[in-house]
4 protein chains.
Amino acid sequence: MTIWSFSQEAAMSKQARTPQAREERVRAIMAAALDQFSHAGFQAARLDDIAAQAGIAKGTVYLYFESKERLLEALVASAIGAPLEAMEKAVAASSAPASDLLRAFGAFMIQAADDPDRRRVMHLVFSEGARFPAIAQFHHREVISRGAALIRAIIARGRASGEFVHDEPERFPQLVFAPALVAAVWLHVFDPIEKLDATGMIAAHTEMLLRALKGEAK
Amino acid sequence: MTIWSFSQEAAMSKQARTPQAREERVRAIMAAALDQFSHAGFQAARLDDIAAQAGIAKGTVYLYFESKERLLEALVASAIGAPLEAMEKAVAASSAPASDLLRAFGAFMIQAADDPDRRRVMHLVFSEGARFPAIAQFHHREVISRGAALIRAIIARGRASGEFVHDEPERFPQLVFAPALVAAVWLHVFDPIEKLDATGMIAAHTEMLLRALKGEAK
Amino acid sequence: MTIWSFSQEAAMSKQARTPQAREERVRAIMAAALDQFSHAGFQAARLDDIAAQAGIAKGTVYLYFESKERLLEALVASAIGAPLEAMEKAVAASSAPASDLLRAFGAFMIQAADDPDRRRVMHLVFSEGARFPAIAQFHHREVISRGAALIRAIIARGRASGEFVHDEPERFPQLVFAPALVAAVWLHVFDPIEKLDATGMIAAHTEMLLRALKGEAK
Amino acid sequence: MTIWSFSQEAAMSKQARTPQAREERVRAIMAAALDQFSHAGFQAARLDDIAAQAGIAKGTVYLYFESKERLLEALVASAIGAPLEAMEKAVAASSAPASDLLRAFGAFMIQAADDPDRRRVMHLVFSEGARFPAIAQFHHREVISRGAALIRAIIARGRASGEFVHDEPERFPQLVFAPALVAAVWLHVFDPIEKLDATGMIAAHTEMLLRALKGEAK
DNA sequence: GATGAATGAGGCTTCATTCAT
DNA sequence: TATGAATGAAGCCTCATTCAT
């Protein structure tokens with residue numbers, strides 16, 4: 001090992017020369033930013049704190065993100081993850097009864113509500129989306145509208161097969177995912193005051209949904 | 001000069017020396033503040049703009065509110081209004097079927113969702129509540145928990161009378177008001193992207209709810 | 001007594017229509033101002049507090065004083081009082097030994113140091129005089145230079161009569177009143193930390209002074 | 001490029017990354033602050049002006065001092081300097097006659113009165129000490145009480161050796177340093193009106209003091 | 001004359017962003 | 001590439017002064 005290579009190694013501990021290292025650093029910054037944005041709100045969060053939490057200097061953030069706002073956007077964009085895609089494929093591929101698919105969707109919502117990062121991003125979008133159209137649009141395009149399409153597909157299939165006799169969620173898919181939104185808000189805002197069993201709530205919701213879709217109004 | 005024109009003039013006075021004038025000025029400031037907070041978020045909203053919108057000088061705000069934060073709190077506190085009380089009395093007094101009461105609750109939610117100020121306050125609580133425990137607590141105490149009690153009472157009555165055979169909303173009253181929350185968030189965040197018929201959504205939700213509470217899964 | 005005269009009386013409780021009442025009010029304002037200026041410093045003192053302490057409304061102060069600064073000036077100007085004049089007359093009239101006159105001057109300084117208002121004014125002049133030439137000039141003209149003249153006259157008389165054989169205070173009358181200045185500063189700044197017996201100090205100073213003026217170095 | 005030009009450049013750098021540069025910048029800020037505080041008073045002095053005079057941007061001050069108040073405190077704390085320590089050692093080490101030591105103390109006071117910065121700090125303490133206990137305490141602990149101890153030691157020694165037969169300054173050491181205080185105040189407040197030869201005054205004071213300590217009242 | 005509500009200039013402090021090292 | 005010192009615009013809040021009542 002030469003002196004040169006030694007100093008290079010030393011340098012790498014602080015420098016992101018490889019794509020992996022770069023990606024790793026981006027991830028660290030975004031994780032810190034999510035935490036700070038979530039705690040303090042976008043405006044009140046300080047780049048100083050984000051950098052410190054990410055273990056880097058303040059200026060370094062600007063090597064990876066143009067501005068605080070772009071960091072927020074990148075954050076939201078990176079947080080969708082694949083789960084919806086998995087659900088989409090499952091629905092497309094499976095010939096299971098619509099009830100099962102709806103239950104699977106419920107399980108998916110429970111998963112989402114249980115993941116603190118997912119919840120944080122949702123809350124961030126709900127809180128700041130009005131001010132940063134980019135994140136509202138992104139979230140709508142990548143999450144809301146895909147979720148809505150999925151819901152509509154499931155309901156339509158259930159009606160086609162005769163499983164379901166009602167169709168409200170085809171017109172208002174929000175009625176299906178509303179409890180997931182409630183969980184995101186509640187766990188951020190009201191949890192210190194009154195705990196909420198988000199899993200239980202979503203499970204109960206799923207059962208009610210199924211009864212309401214199948215049932216006859218007396 | 002008529003009495004009318006006199007009171008008109010008094011209202012337009014630049015000095016609020018009467019209790020009425022004072023109240024009127026407080027209202028004007030809070031209205032402007034709600035608007036600005038709602039558009040820009042609490043942190044980013046500027047006292048300058050609030051004052052300008054209220055038609056007064058910057059310093060005047062501080063004659064009525066100790067600080068920006070207290071203004072937010074007063075805002076949230078003033079916005080509950082009586083409607084819940086009206087519902088509570090109706091439920092206590094009426095011997096109508098639980099279905100009717102639940103439909104009335106649905107109508108109440110529709111009303112709330114239709115009132116832009118109510119929606120704004122809700123969104124403000126959801127957005128800033130985590131940072132300002134006072135407003136989260138206030139809203140929980142005055143709105144959430146009273147709404148939850150109301151819901152539980154209605155469901156319990158329906159089950160007692162045999163109208164309802166299921167009880168999920170007694171454990172999770174959130175399942176009843178979830179669409180109201182969705183409306184508040186959606187109309188602020190996603191409406192420019194995709195319109196939502198909040199009234200229709202809540203009405204549909206009410207119907208599903210009733211079927212789910214009454215119905216037997218086939 | 002008519003209704004008219006009754007209301008006039010009522011009005012007089014709050015209005016200063018007579019010269020006496022006016023003077024009384026001026027005094028009240030200046031007393032409050034001295035207190036506030038002294039506690040908080042001229043800049044930090046608030047007209048609000050001064051008015052409140054004087055038992056009047058803020059705007060009323062401006063009926064008696066053009067501005068905060070003029071209030072300070074009037075304050076300092078009003079605070080000399082007659083005592084120096086009394087001393088001057090005594091020295092001019094008396095044929096007592098210079099030692100007695102110097103002791104009388106010492107007693108005068110003790111009196112001044114014991115009067116909180118006098119001390120406050122002195123401290124105010126020392127603190128703010130550089131920023132408000134008017135008060136420095138006024139105090140110099142009415143207090144400092146008259147005191148210095150008095151001291152010089154006493155020393156000169158003592159030297160003429162053979163009582164005193166030294167003359168430093170003729171060149172530096174400050175050496176005579178220095179302890180009075182120390183008392184004013186100390187009692188304001190260091191008294192909470194270490195008490196000072198100003199009377200004892202000035203008395204001791206007077207004795208030393210006399211020895212120094214009379215004495216032969218061995 | 002010579003070493004000289006290098007350090008010159010370093011000193012002029014716009015970034016203070018070395019300890020020396022940092023120290024230099026702290027010094028520049030404190031110098032500017034002393035000037036502004038001294039001219040305008042603590043409250044009225046503007047951070048803007050301090051920064052401008054120090055040749056930096058307003059925000060930069062806050063990289064070195066938490067607040068305006070801490071800047072004042074640091075200022076006072078940094079201004080003691082070693083001179084008292086030198087005197088203390090001299091008195092402890094020397095076996096010179098007490099008269100010589102007292103004359104040395106006089107020379108020390110003359111030095112202090114001649115140093116504009118020292119005078120300014122003293123005046124600042126006298127003016128603002130009541131409002132900022134930290135600076136009063138600091139100055140009392142580091143200057144006043146050490147000076148008093150020194151004075152007492154000198155007088156005690158002189159009495160032990162028979163040089164001095166009086167003891168007032170042991171009870172009131174203020175009587176020894178009073179003229180230094182007078183000089184600080186006078187040069188700030190009354191000098192534009194009437195010049196004072198502080199050196200002459202203190203010298204005269206020292207001679208009187210010695211006579212008063214040695215002399216017998218006739 | 002007396003009041004106190006209203007004004008708005010001004011100051012301390014914060015913090016996103018830049019840039020010399 | 002990484003750093004963190006420096007910048008300076010911007011915002012909350014204060015308060016001397018004014019003026020309608």
Side-chain angles (χ1 to χ4, degrees), chain A residues 11-17 21-22 25 43-52 56-69 71, chain B residues 10 13-18 21-22 25 43-51 55-69 71, chain C residues 11-17 21-22 25 43-52 56-69 71, chain D residues 10 13-18 21-22 25 43-51 55-69 71:
Chain A
M12 287 186 59
S13 71
K14 277 282 154 186
Q15 293 192 4
R17 291 204 188 280
R22 184 178 176 84
R25 187 146 288 190
Q43 282 276 350
R46 296 166 31 178
L47 254 305
D48 257 328
D49 294 337
I50 293 171
I56 58 176
K58 185 165 38 158
T60 306
V61 174
Y62 285 84
L63 298 176
Y64 297 92
F65 299 94
E66 254 184 46
S67 67
K68 199 184 178 189
E69 190 173 332
L71 173 52
Chain B
S13 156
K14 274 288 156 194
Q15 287 203 15
R17 293 184 101 98
T18 68
R22 190 182 168 80
R25 187 139 291 188
Q43 282 275 350
R46 292 165 34 199
L47 254 304
D48 271 13
D49 293 338
I50 292 171
I56 57 176
K58 198 180 359 167
T60 306
V61 175
Y62 288 87
L63 296 178
Y64 297 91
F65 299 95
E66 259 185 34
S67 66
K68 199 186 180 187
E69 191 173 331
L71 174 52
Chain C
M12 285 185 58
S13 73
K14 278 283 155 188
Q15 291 191 7
R17 293 204 188 276
R22 184 178 175 85
R25 188 148 286 191
Q43 282 277 349
R46 296 166 31 178
L47 255 305
D48 258 329
D49 294 338
I50 292 171
I56 57 174
K58 186 163 40 157
T60 306
V61 175
Y62 285 84
L63 298 176
Y64 296 92
F65 298 95
E66 254 185 43
S67 66
K68 198 186 181 188
E69 191 174 331
L71 173 52
Chain D
S13 154
K14 275 287 155 196
Q15 289 204 12
R17 293 185 100 99
T18 68
R22 188 180 169 82
R25 188 140 290 190
Q43 283 275 352
R46 293 166 33 199
L47 254 304
D48 271 12
D49 293 338
I50 293 171
I56 57 177
K58 200 178 358 170
T60 306
V61 175
Y62 288 85
L63 296 178
Y64 296 92
F65 299 94
E66 260 186 32
S67 67
K68 200 186 180 187
E69 190 173 332
L71 174 52

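Computed over heavy atoms, backbone and side chain alike; hydrogens, waters and symmetry mates excluded. Note on naming: letters A, B, ... go to the chains in the order of the sequence lines (proteins, then strands), and numbering restarts at 1 for each one.
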Give a yes/no answer on whether the side chain of [X] brings an N or O atom under 4.0 Å of OP1 or OP2 in [N].
X	N	value
B/Arg17	E/dA6	no
B/Arg22	E/dA5	no
D/Tyr64	F/dA5	no
D/Arg25	F/dA5	no

_Partners passing side chain to side chain donor-acceptor pair (under 3.5 Å) against B/Arg17 (at least two apart in sequence or in another chain)_ =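 Testing B/Arg17 for side chain to side chain donor-acceptor pair (under 3.5 Å), a comparison that skips the adjacent residues, returns B/Gln15.
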*How does protein contact run along nucleotides 9-14 of chain E, one letter per nucleotide 5' to 3', with B for base contact, S for sugar-phosphate only, - for none, heavy atoms under 4.0 Å?*
BBSSBB
For [X] and [N], what is the distance between atoms [atom1] and [atom2] respectively, to the nearest whole Å?
X	N	atom1	atom2	result
B/Gln15	F/dA20	CD	C1'	5 Å
B/Leu71	F/dC12	CG	P	11 Å
A/Leu63	F/dT1	CG	C1'	6 Å

Result block: side-chain N/O donor-acceptor pairs under 3.5 angstrom for residues 58-65 of chain B, not counting sequence neighbours:
from: B/Thr60; atom 1: OG1; to: B/Ala57; atom 2: O; distance (Å): 3.4

*Toward the 5' end of DNA chain F, which comes first, D/Ile56 or A/Ala57, by nearest nucleotide?*
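In this pair, the answer is A/Ala57.
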*Given Watson-Crick or G-U pairs with both distances under 3.5 Å, what dot-bracket string fits DNA chain F, with | for other-strand pairs and [ ] for crossing?*
.||||||||||||||||||||
*Identify, with sequence neighbours excluded, every residue that meets side-chain contact (heavy atoms from CB on, under 4.5 Å) alongside D/Glu69.*
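Listed in chain order: D/Phe42, D/Ser67, D/Glu73, D/Phe132.
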*asked:* Going by salt bridge (charged side-chain N to carboxylate O under 4.0 Å, His left out), name the residues that satisfy it together with D/Arg22, two or more places apart in sequence or in a different chain.
replied: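 With neighbours one apart ignored, the set is empty.
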*What is the minimum heavy-atom distance between A/Gln43 and A/Lys68, and which atoms define it?*
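In this case the closest contact between A/Gln43 and A/Lys68 is O-NZ, 3.0 Å.
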